[in-house]
Amino acid sequence: MAEILKNKGAKAHRILAIMVGLEGENPLQLVEVAGRTAYQSRDRITDDSAAKFVEMIRKRGHEAVLEHSAMTVEFNNVSRGFTHELVRHRLASYTQESTRYVDESNLKVVIPPDKEPNEKLVELQLPNGIKLKVSFQDWIDLNEQMYRGLRKAGWVPQDARQILPIGIKSQIVMTANFREWRHVFKLRTAPDAHWEIRQVMTNLLKEVKEKIPIIFNDIL
Ligand SMILES: Cc1cc2nc3c(=O)[nH]c(=O)nc-3n(C[C@H](O)[C@H](O)[C@H](O)COP(=O)(O)OP(=O)(O)OC[C@H]3O[C@@H](n4cnc5c(N)ncnc54)[C@H](O)[C@@H]3O)c2cc1C
């Protein structure tokens, strides 16, 4: 039976890295060193000057300076629909689970959090005239059967994938600088964003606001 992933509230992200300078653990210090190049004021760097400096830069809208540090995040158990929306953001690097090479015989599919996978909602008319009432789970199970059948018949994953649904589970790693992450958060946590990317990005934004508030805490 295929696995249905109901991700509401689930943590689908994992921060893999936040870029820091050679001399510290704090990404703000890296941004500060780069930013102070403009004013030739590195002599004013102290142990606690970074937060104040970077906040000043951000409030003035000098977001180019925020490009000097970056973050790498893994998203897992998200749908292919989610990842398609994500990769539209062009100022980032991505590596994604391949449906060309990975066998998807154990199908995992993300369902909208407010939907019931076992509700028999749709009546299918089969070619032999028989009518069959099916649920989301039934449909995905049939999809899995078909995929397995094609694989058994000799179709390689990159051919059999043509029948996979857009809700299929995927894993993707994204690296972007802070400026681009700010842009992504603004667009993808907004009320008109799709529920899945909105939920995942809202969770990630909450975490980065705790980790590096000066960079992200003005985003609502
Ligand atoms: C709510 C919502 C609904 C959407 N609906 C659709 C839809 O129906 N159909 C569809 O096709 N897409 C849709 N999109 C995707 C959207 O069109 C963009 O592809 C996506 O937002 C990424 O592009 P971007 O410009 O925001 O920023 P990014 O690609 O993340 O780039 C960041 C910024 O860099 C700059 N930049 C990047 N590339 C260039 C460039 N070539 N030239 C000049 N400046 C550049 C821009 O300032 C840009 O805002 C939707 C997005 C959202 C948030």
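First listed ligand is number 1; within each ligand, the first listed atom is number 1. We're numbering straight along the sequence, starting at 1. Atom set for the values below is all heavy atoms of this structure, side chains included, hydrogens, waters and symmetry mates excluded.
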*Considering only the protein, which heavy-atom contact is closest to atom 33 (C) of ligand 1, and what is its distance?*
Leu91 CD1, 4.2 Å
*asked:* Which option wins on minimum heavy-atom distance to atom 21 (O) of ligand 1: Ile197, Leu187, Asp192?
replied: Leu187
*Does a side-chain N-to-carboxylate-O contact under 4.0 Å join Asp138 and Lys133?*
no
*asked:* Can you confirm whether some protein heavy atom lies under 4.0 Å from atom 26 (O) of ligand 1, or whether none does?
replied: yes
*Thr99 versus Gln158, side-chain donor and acceptor atoms under 3.5 Å*: no
*May I ask you to say whether Glu74 pairs ionically with Arg14, meaning some side-chain N is under 4.0 Å from a carboxylate O?*
yes
*Are there protein heavy-atom neighbours of atom 8 (O) of ligand 1 below 4.0 Å?*
no
*Return a yes/no value: protein heavy atom under 4.0 Å from atom 11 (O) of ligand 1?*
yes
*Is the shortest distance from atom 35 (C) of ligand 1 to a protein heavy atom below 4.0 Å?*
no
_Can you check which of Arg88, His183, Arg198 brings a heavy atom nearest to atom 24 (P) of ligand 1?_
His183
*Less than 3.5 Å between some nitrogen or oxygen of Arg90 and one of ligand 1, yes or no?*
yes
*Will you find, in the side chains of Glu119 and Ser135, an N or O donor that is under 3.5 Å from an N or O acceptor?*
no
_Minimum-distance protein heavy atom relative to atom 4 (C) of ligand 1_ = Arg188 NH1, 5.0 Å
*From atom 43 (C) of ligand 1, is the closest protein heavy-atom distance below 4.0 Å?*
no
*Heavy atoms of the protein only: does one fall short of 4.0 Å from atom 16 (C) of ligand 1?*
no
_Side-chain donor-acceptor pair present, Arg198, Thr189, cut-off under 3.5 Å_ = no
*Is a side-chain donor-acceptor pair under 3.5 Å present for Ser105 with Glu144?*
no
_Check ion pair Asp218-Arg182 (N to O, under 4.0 angstrom)_ = yes
*Answer yes or no for atom 38 (N) of ligand 1: protein heavy atom present at a distance under 4.0 Å?*
yes
*Assess the side chains of Arg188 and Thr202: does a donor N or O sit below 3.5 Å from an acceptor N or O?*
no
*Which part of His194 is near ligand 1, with near meaning a heavy atom under 4.0 Å away: side chain, backbone, both or neither?*
neither
*Is there a protein heavy atom at a distance of less than 4.0 Å from atom 46 (C) of ligand 1?*
no
*Could you tell me whether Glu180 approaches ligand 1 through its side chain, its backbone, both or neither, with non-hydrogen atoms closer than 4.0 Å?*
side chain
*Got a second to check how far Glu32's CD is from Ser49's OG, nearest 0.5 Å?*
3.5 Å
*May I ask you to check whether Asn203 and Glu207 show a side-chain donor-acceptor distance below 3.5 Å?*
no
